[in-house]
Q: 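Structure incoming, see below.
From a predicted model like this one, the values you see are computed outputs, not experimental measurements. Atoms within a ligand are numbered from 1 in the order they appear, just like the ligands themselves.
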Amino acid sequence: MAAQRETALFWTLLGRCRTLVPGQSRSGWSRRLSSLPPPPPGPWSSLSRLPYRDLYRLSVTDPDRFWGAAAAERLRWMEPFQQVRDCELSRGEISWFRGGKLNVSVNCLDVHVEKHPERVALIWERDEPGTEVKVTYRELLETTCRLANTLKTHGIGRGDRVAIYVPVSPLAVTAMLACARIGAVHTVVFAGFSSEALAGRIQDAQCKAVITCNQGVRGGRLIELKATVDAAVKNCPSIQHVFVSQRTEKPAVMGELDVPLEEVMASQAAVCPAEPLDSEDVLFLLYTSGSTGKPKGIVHTQAGYLLYAALTHQFVFDHQDGDVFGCVADVGWITGHSYVVYGPLCNGATTVLFESTPVYPNPGRYWETVERLRINQLYGAPTALRLLLKYEDSWVKKYDRSSLRTLGSVGEPINHEAWHWFHSLVGEGRCPLVDTWWQTETGGVCIAPRPADPGAPILPAMAMRPFFGIQPVLMGEQGEPLSGNNVSGALCLSEPWPGMARSIYGDHQRFVDAYFKQYPGYYFTGDGAFRSEDGYYQITGRMDDVINISGHRLGTAEIEDALDEHPAVPETAVIGVPHDIKGEVPFAFVVLKEDLPDAAAAAAVLQQLRKLVSTKIAKYAVPEHFLVVKRLPKTRSGKIMRRILRKVAMETTGDLGDISTLDDPSVVEEIVEAHNQYRKQREEKKK
Ligand code: PRX
């Protein structure tokens, strides 16, 4: 079993190391920390006592006062900011808290170590139930400093990019905070991505180093992370060092770039001065998919991002001091950044790092973890709920869930069945369920119900209401803002907020084009939404060629690019189709070269295509359906009519709409026929 082979070396060697480096007494901590004066209670303390609605009103009528007060008091500044905001959305120019200097790691660690050094910061809920590791704020600060010093002694400093390719673990958090401490820019890459996907991100960001571990452990299985990194860095000349932690006992095969992390960190000082950084210095890049091929490196900066993550974490989830916050997302996605790491730690919370899967070792895993760790807020993706609700209710009922106060859902629309199951069965109808809408680009939750607003209704499967400073606008087909209620349109946000992305790394024009061009002066989200009779918002889904597989966002163009690399495949088109559990899955229409000898050769090509997507992107991106067609439906100008492909895949060809612009309308019949055959074959197979 994986449990016998796994280790918590990172913490047994370092985090729990009580000895301080010679010459550094514990009082040294307090001396150093006291040089950063805690802010006196100011306007935010009185403002935040206002009823939620009044606070929202203030945030949109007087954003400078609202955000200025929040930033001054909620963050620890090394130098005060001079200007609250300076933004010009039509040019994608966004700047908050200009002139201020601060350090994010000080705000997430030092300020809490001053007040409660032995409070648990992280509970690492490891793959094997009952083997959790707790890490206090003091331990996390010391280990972060050791890792920060390790990076510095290897030539990494302010502005350098560092890739982090590790599973959910204290190492991930420490690595992010160590970068933040010295002003390096982290880019966490989800540890399920392939070596090519990792290499692409490293190359785009020109990373100087990678932090990884020998193996990952998930669902009782071992994942060869170091081998993936080795394959990636072969094609990444910018990489100077690969820092390797030992997650399991199997020794990693070390090459010339590799640095044994625990060994080197053990000899580093547990104190590291925090770099004073400008509010608008880059904190991290996070790659995400758009409607065109290449993933984009979304840029988030220091002060605005941190403040927004912290305020949303507190208000959306009704987080109270002393709560145990359980966000089960992976740190490789924005949800992990904002609600496993930065939001909770800035608020001094105890945050859970969930390494396992919802069904390991059985479908009671989440609820057993809630009982054992006394989790107060549980935040996850609808895809996991849809999977779990298929099992007996007894898997939920046999565990004590009385600690739960707020439930949260994110990443994709939550269907009514999953909403009611989560709310009524898991939360016994007494915990508000917040369906939170947001994006990698927004930095934190933008639209959600408000559990802290007494008497406010929460309607099933509705994201509902804008957070502080957020002003949603729905646009009609002619690009005009739609007034009134009971309307659907393209969801835009009309005013800047501190957590919003600042750019796409290395390509600011792409940032402007993707988000600010279609509706000049507005941020366009790419999603559609409906405003109900009562003025609440419901997200209706993406309006572009981005799909959502188990809450993971992916551009269909990325999958097409991977498929098109096969020499026997002249052309493909990928669309998303609904799936019971995953929400959506990719459906690939594939044109094969005509000279393939027989059906066996075609089947072999499809098998190779599956492999291609898995090695170029990740396993989850492999299309669930492949339909071989002779040609694709195209307009006279050569554009693929995806609308028709969607109708074919969804078997709604009775209503094809206008096909007069098709170059050759007979293509539709061909594709419908091919799909009928495909459907029959699948039904046969099921029997
Ligand atoms: O389409 C929306 C969907 O996820 C997209 C953002 O994906 P990503 O940047 O990976 O961030 C996911 C986690 C914040 C959005 O454009 N989405 C996110 N939350 C919801 C949602 N769709 C419906 N309801 C939600 N609550």
Side-chain angles (χ1 to χ4, degrees), residues 188-190 192-193 285-291 295-300 305 308-309 312-313 316-317 327-340 342-343 379-386 407-416 418-419 422 433-449 458-467 470 472 488 490-493 499-501 504 514-515 523-530 536-556 558 576 578 582-584 618 620-621:
V188 183
V189 179
F190 171 55
F193 275 123
L285 312 179
L286 189 56
Y287 283 82
T288 190
S289 296
S291 45
K296 34 193 183 185
I298 299 296
V299 174
H300 281 288
Y305 168 79
Y308 197 74
T312 45
H313 170 252
V316 172
F317 300 100
C327 169
V328 290
D330 194 287
V331 283
W333 309 109
I334 191 69
T335 310
H337 281 59
S338 301
Y339 302 112
V340 174
Y342 288 116
Y379 188 34
T383 185
L385 305 176
R386 289 192 295 263
L407 304 172
S409 160
V410 61
E412 45 174 331
I414 178 166
N415 51 315
H416 281 261
W419 195 97
F422 201 21
L433 166 46
V434 289
D435 174 13
T436 62
W437 174 87
W438 58 296
Q439 308 176 298
T440 305
E441 295 87 339
T442 68
V445 174
C446 286
I447 303 183
I458 294 187
L459 303 180
M462 267 224 181
M464 317 237 345
R465 287 186 286 190
F467 188 71
I470 299 296
S488 293
L491 176 64
C492 292
L493 305 176
M500 75 189 296
I504 290 174
Y515 304 107
Y523 168 79
F524 175 44
T525 64
D527 282 314
F530 167 70
Y536 299 144
Y537 290 88
Q538 182 166 35
I539 308 303
T540 50
R542 295 291 304 191
M543 299 181 75
D544 52 12
D545 293 320
V546 170
I547 59 174
N548 201 318
I549 310 159
S550 305
H552 300 334
R553 166 173 163 183
L554 199 62
T556 51
E558 262 175 81
K582 297 179 184 171
E584 266 183 306
Y620 75 84

Q: Going by the side chain to side chain contact (heavy atoms under 4.5 Å, CB included) test, name the single residue among T436, T442, V316, I447 that passes it with F467.
A: V316
Q: Just to confirm my output: which protein heavy-atom neighbour is closest to atom 8 (P) of ligand 1, and how far is it?
A: T440 OG1, 3.5 Å
Q: If you define the side chain from C-beta out and look only at heavy atoms, does anything of S550 sit under 4.5 Å from Y620?
A: no
Q: In terms of side-chain geometry, is the basic nitrogen of R542 or E584 positioned less than 4.0 Å from the acidic oxygen of its partner?
A: no
Q: In terms of ring plane angle, is the pair F317 and H313 parallel, tilted or perpendicular, where the classes change at 30° and 60°?
A: tilted
Q: Below 4.0 Å, non-hydrogen atoms only: which portion of I414 touches ligand 1? Side chain, backbone, both or neither.
A: neither
Q: Which option wins on minimum heavy-atom distance to atom 26 (N) of ligand 1: T436, T540, I447, V546?
A: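 Closest candidate by heavy-atom distance is T436.
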Q: Does D435, backbone or side chain, put an N or O under 3.5 Å from an N or O of ligand 1?
A: yes
Q: Below 4.0 Å, non-hydrogen atoms only: which portion of D527 touches ligand 1? Side chain, backbone, both or neither.
A: side chain
Q: Check each atom of ligand 1 against the heavy atoms of N548 and keep those under 4.0 Å away; list them by number with element.
A: 3 (C), 4 (O)
Q: Within a distance under 4.0 Å of any heavy atom of I539, pick out the atoms of ligand 1 and give their elements.
A: 22 (N), 23 (C)
Q: Considering heavy atoms of the protein only, find what lies nearest to atom 7 (O) of ligand 1 and give residue, atom and distance to 0.1 Å.
A: R553 CD, 3.4 Å
Q: Testing the 3.5 Å rule here: is there a donor-acceptor pair between the side chains of Y308 and S338?
A: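 S338 and Y308 do not have a side-chain donor-acceptor pair below 3.5 Å.
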Q: By number and element, which atoms of ligand 1 are closer than 4.0 Å to a non-hydrogen atom of V410?
A: 13 (C), 14 (C)
Q: As a check for students: among G443, P413, S338, identify the option with a heavy atom nearest to atom 23 (C) of ligand 1.
A: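 When every heavy atom of G443, P413, S338 is considered, P413 comes closest to atom 23 (C) of ligand 1.
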Q: Could you check whether the rings of H552 and W333 sit parallel, tilted or perpendicular, using 30° and 60° as the cut-offs?
A: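 Parallel: the ring planes of H552 and W333 meet at under 30°.
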Q: For atom 4 (O) of ligand 1, which protein heavy atom lies nearest, and how many Å away is it?
A: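 For atom 4 (O) of ligand 1, the nearest protein heavy atom comes out as G411 O, 3.3 Å.
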Q: Report, in ascending order of atom number, the atoms of ligand 1 lying under 4.0 Å from any heavy atom of W438.
A: 6 (C), 14 (C), 15 (C), 18 (C), 19 (N)
Q: Do L286 and H300 come close enough that some side-chain heavy atom pair is under 4.5 Å?
A: no
Q: Taking the side chain as every heavy atom from C-beta outward, state whether T440 and H337 have any atom pair closer than 4.5 Å.
A: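 SC-SC contact between T440 and H337 ruled out.
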Q: Looking only at protein heavy atoms, identify the closest one to atom 13 (C) of ligand 1 and say how far it is in Å.
A: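 Answer for atom 13 (C) of ligand 1: T335 OG1, 3.4 Å.
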Q: For ligand 1, which part of R542 has a heavy atom less than 4.0 Å away: the side chain, the backbone, both, or neither?
A: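 Side chain only.
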Q: Counting only heavy atoms, which portion of H552 has something under 4.0 Å from ligand 1: side chain, backbone, both, or neither?
A: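 Looking at H552 and ligand 1, no heavy atom falls under 4.0 Å.
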Q: Please check whether Q439 reaches ligand 1 - meaning an N/O of the residue sits under 3.5 Å from an N/O of the ligand, judged on distance alone.
A: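 Q439 vs ligand 1: N/O contact under 3.5 Å present.
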Q: What's the verdict on side chain to side chain contact (heavy atoms under 4.5 Å, CB included) for M500 and L493, showing C-alpha distance, side-chain angles and the deciding distance?
A: CA-CA 11 Å; M500 75 189 296; L493 305 176; over 6 Å; no
Q: For residues T335 and W438, determine if any side-chain heavy atom of one lies less than 4.5 Å from a side-chain heavy atom of the other.
A: yes
